[in-house]
> 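There's a structure below that I have some questions on.
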Protein chains: 2
Amino acid sequence: MEHFPHTPPNLTKNQSMVMAALLKANGPLSAYTILDQLRSKGLRAPLQVYRALDKLVEYGMAHRLESMNAFVACRHPDGESESMVAFTICESCGEVTEISNDGFDRQLHKLAGGAGFNVKKSTVELFGQCEACA
Amino acid sequence: MEHFPHTPPNLTKNQSMVMAALLKANGPLSAYTILDQLRSKGLRAPLQVYRALDKLVEYGMAHRLESMNAFVACRHPDGESESMVAFTICESCGEVTEISNDGFDRQLHKLAGGAGFNVKKSTVELFGQCEACA
DNA sequence: CTGAAGATGTTATGTTATAACAATTAATAA
DNA sequence: TTATTAATTGTTATAACATAACATCTTCAG
């Protein structure tokens, strides 16, 4: 399937169902939670979910939270950069938010570049307390 | 057991064995790889390794790489900050290095702070190519 | 239409991590 | 020292996360 960055392709049946589950959720979902939610719609095996998730992440429509083994729909606010994505994860209420920032992205590349490292992809996950819980 | 930050406590038998395995390794090790290496020394179950790793991470003597489900001995260069730790992970050769930087740490807190988020702990893992592989 | 690529369905298995409980060892205080 | 408590250990079982391998079906460009 052909597509351009940030112009989401037409999703297949399984991809659509998984994306819908992520969008409906108020927070991160594990692959197995998604599977359970979609059993009633015909999904039966983890691989069906993982394959859809792989594509959604590839298309930039979803993100994987490495520290939680979970997935979220991409929700970065309009106008923000596409470059880097960071997540805040509230240890009290579990809320996850997405932040993206050009300046920070440049800093990050510069920091790594100083050590001769060329950054292609980054995982930034911040744990602490959200405004409401503080 | 009582201890102060960055003054490593006396390690227990299992903790010492696991720490030695991490120090001897040239890269990240999974808990199960560590277990296999230490079977000859009497370890038998994953929990023995995971419990030791938990303590070593708590003491700041080891880090968990979230994106790899693996662990490394802490090796940040002397003189660098203790505050934040980032890792570069070379997709070609697998080399993992540890970076720490005060300015970046402040930026990161500031970025999150702008969204009302108070950062307690951060995971920063950068994928790309190391100098040798570029 | 047809061939190639992508997506799906399915079974089995591999990998990572923790629950629960009993036993032992180490640190502390009376 | 000895009683008390906290930390660590050992063990079995199981939970949670992820992929291998292979057959089939759909899509779509040529």
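Note that these values count all heavy atoms, side chains included, but never hydrogens, waters or copies made by symmetry. Predicted model only: the values in this text are computed from it and were never measured.
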> Respond yes when some side-chain nitrogen or oxygen of A:N69 is under 4.0 Å from OP1 or OP2 of D:dA18, and no when none is.
yes
> Give the rounded distance in Å between these two atoms: CZ of A:R64 and C1' of D:dC17.
8 Å
> To the nearest Å, give me how far apart CG (B:L11) and C1' (D:dT9) are.
15 Å
> Take the C1' atoms of the five end pairs on each side of the helix from C:dC1-D:dG30 to C:dA30-D:dT1, get both axes, and report the angle to 10 degrees.
40°
> Using atom CD of A:Q15 as one end and atom P of C:dG6 as the other, report the distance to the nearest whole Å.
12 Å
> Verify the contact: side-chain N or O of B:T12 to OP1 or OP2 of C:dA26, cut-off strictly under 4.0 Å; return yes or no.
no
> Taking salt bridge (charged side-chain N to carboxylate O under 4.0 Å, His left out) as the cut-off, I'd like each qualifying pair that reaches into residues 43-55 of chain A, sequence neighbours left out, listed once.
A:K55-A:E58
> Rounded off to whole Å, could you give me the CG-to-P distance for the B:L65 and C:dA17 pair?
11 Å
> Expressed as a whole number of angstroms, how long is the span from A:E66:CD to D:dC17:P?
14 Å
> Specify the closest pair of heavy atoms between A:Q37 and A:A21, including all atoms of both residues, with the distance to one decimal.
OE1-CB, 3.9 Å
> Are B:M61 and B:L11 side-chain neighbours, meaning at least one heavy-atom pair lies under 4.5 Å?
yes
> In whole angstroms, how far is the P atom of D:dG10 from the NZ atom of B:K41?
15 Å
> Is the closest side-chain heavy-atom distance between A:L22 and A:L53 below 4.5 Å?
yes
> Side-chain contact test, heavy atoms from C-beta onward, threshold under 4.5 Å: evaluate it for B:M17 versus B:N14 and give yes or no.
yes
> Would you mind writing out the side-chain donor-acceptor pairs for residues 124-134 of chain A within the sub-3.5 Å range, not counting sequence neighbours?
unit_1: A:E125; atom_1: OE1; unit_2: A:S67; atom_2: N; d: 2.9
unit_1: A:E125; atom_1: OE1; unit_2: A:S67; atom_2: OG; d: 2.3
unit_1: A:E125; atom_1: OE2; unit_2: A:E66; atom_2: N; d: 2.8
unit_1: A:Q129; atom_1: NE2; unit_2: A:S92; atom_2: OG; d: 2.3

> Mind calculating the distance between CG (B:L29) and C1' (C:dT16) to the nearest angstrom?
15 Å
> Could you state the atom-to-atom distance from CG of B:L53 to P of D:dT9 in whole Å?
12 Å
> Which residues pass the ring pair (Phe, Tyr, Trp, His ring centres under 6.0 Å) test with B:F87, sequence neighbours left out?
B:H63
> Are more than 12 heavy atoms from other residues, nucleotides or ligands located less than 6.0 Å from atom NZ of B:K121?
yes
> For a quick check, with a 4.0 angstrom heavy-atom cut-off, what is the B/S/- contact string for nucleotides 9-14 of chain C, read 5' to 3'?
BBB---
> State which residues pass salt bridge (Lys or Arg N to Asp or Glu O under 4.0 Å) with B:D36; sequence neighbours excluded, sorted by chain then number.
B:R39
